[in-house]
Amino acid sequence: MDRWFFEMPTLELCLHLLGKELTLDGVGGYIVEVEAYMGPEDRAAHSYGGRRTPRTEVMFGPPGKAYVYTIHGHHCLNVVSGPEGVPNAILIRALEPTRGVDKMIERRGRDYDLTNGPGKLCQALGITRQHNGWDFLDSPLRISEGIPVKTVAVGHRIGIENTGEARWYPYRFWIDGNEHVSRPRKALKKIQL
DNA sequence: ACTTTGATGGCCT
DNA sequence: GGCCATCAAAGTT
């Protein structure tokens, strides 16, 4: 990937992140599910209304960096999207494991359901708040070329029932038919790439 | 200093 | 499908 990759509009970047390989220190897999969080105008976003706090600060900076937050004792990884100053981010919700599976099994304490959820994949890869702000182009946390994607399914996002109309926004994207998607849902529509 | 709130996961029926 | 453990971050007093 190059710097331009992360300059794409957020929803477009979602499509292009699918199939890419995400790794930390040689452990990781193909990105198979993501969700967009569209900053100030998206009630489900941590940065809704331009809310700028120590937690959300990294989203106000340049795209291509990691935004890692904790919830319910778990960690979740986002790719900060642009344009710079607009606090958009893309939540990585699921991977298809490719590298370091033994390490993932050790960290997860089981040999199934290793990376089919935002908290699970962070545990499997060893991602914590210490990785907040890391650069995907210039750190051990990397996004690189992966596999071509034929069909992307689109649906509403998971776990944001208390956000009014925002819960229905079609901002969830996954590789159609992939076995590692966190919570199978019927697609609102499908996009052929 | 205290209270509320989840972009979850695991286990249950 | 539902319940709830759990804790950092943010909001409130």
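Atoms considered below: every heavy atom in the structure, side chains included; atoms not considered: hydrogens, waters and symmetry mates. Order of the sequence lines fixes the chain letters, A, B, ..., with proteins taken first and strands second; residue numbering starts at 1 for each chain.
- There is no side-chain donor-acceptor pair under 3.5 Å between A:T115 and A:E96.
- For the OP1/OP2 pair of B:dT8 and a distance below 4.0 Å, the side-chain nitrogens and oxygens of A:R183 include no atom meeting the criterion.
- One atom, OH of A:Y69, and another, P of B:dT5, lie 18 Å apart when rounded to the nearest Å.
- Between A:R157 and A:D42, at least one side-chain nitrogen of the basic residue sits less than 4.0 Å from a carboxylate oxygen of the acidic one, meeting the salt-bridge criterion.
- Comparing A:Q123 and A:S47 along DNA chain B, the residue whose closest nucleotide (by nearest heavy atom) sits nearer the 5' end is A:S47.
- Between A:L17 and A:V79, some side-chain heavy-atom pair lies under the 4.5 Å cut-off.
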Q) How does protein reach along nucleotides 3-13 of chain C, written 5' to 3' as B (base within reach of a heavy atom under 4.0 Å), S (only sugar-phosphate), or - (no contact)? A) --BB-SSSS--
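- A donor-acceptor contact closer than 3.5 angstrom links the side chains of A:T10 and A:N88.
- As judged by a 4.0 angstrom heavy-atom cut-off over every strand, A:I160 is placed among residues touching the sugar-phosphate backbone only.
- For A:V34 against A:I90, the heavy-atom pair with the smallest separation is CB-CG2, 3.7 Å.
- Annotation: side chain of A:S81 is not in contact with side chain of A:Y37 (no heavy-atom distance under 4.5 Å).
- Stacking of the aromatic ring of A:Y37 onto the base of B:dA7 is found: the ring centres lie under 5.5 Å apart and the planes are inclined by under 30°.
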Q) What would the secondary structure line of DNA chain B be in dot-bracket form, counting Watson-Crick and G-U wobble pairs under 3.5 Å, with [ ] for pairs that cross earlier ones and | for pairs with another strand? A) ||||||.|||||.
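- Side chains of A:L18 and A:Y30 form no contact here, defined as non-hydrogen atoms less than 4.5 Å apart.
- Put simply, CZ on A:R172 is 10 Å from P on B:dT8, counting in whole angstrom units.
- Atom pair A:H46:NE2 and B:dG6:P shows a separation of 9 Å (rounding to whole Å applied).
- Atom-to-atom, CG of A:N78 to P of B:dT8 comes out at 11 Å; the value is rounded to the nearest Å.
- Relative orientation of the A:F5 and A:H16 rings is perpendicular, given thresholds of 30° and 60° on the angle between their planes.
- The interatomic distance linking A:I158 (CD1) with C:dG1 (C1') rounds to 14 Å, in whole Å.
- If you take NE2 of A:H156 and P of B:dA7, they are 16 Å apart, rounded to a whole angstrom.
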Q: Step by step, work out the side chain to side chain contact (heavy atoms under 4.5 Å, CB included) result for A:R52 and A:E57.
A: CA-CA 6 Å; A:R52 190 165 184 165; A:E57 183 62 33; 2.8 Å; yes
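- Across the protein-nucleic acid pair, A:E161 atom CD and B:dT5 atom C1' stand 14 Å apart, rounded to whole Å.
- A heavy-atom distance below 4.0 Å to DNA chain B is reached by these residues of residues 100-121 of chain A, ordered by number: A:R108, A:R110, A:G117, A:P118, A:G119, A:K120.
- Using a 4.5 Å cut-off on side-chain heavy atoms (C-beta onward), A:R107 and A:C122 make no contact.
- Between A:I175 and A:I31 the shortest heavy-atom distance is CD1-O, 3.7 Å.
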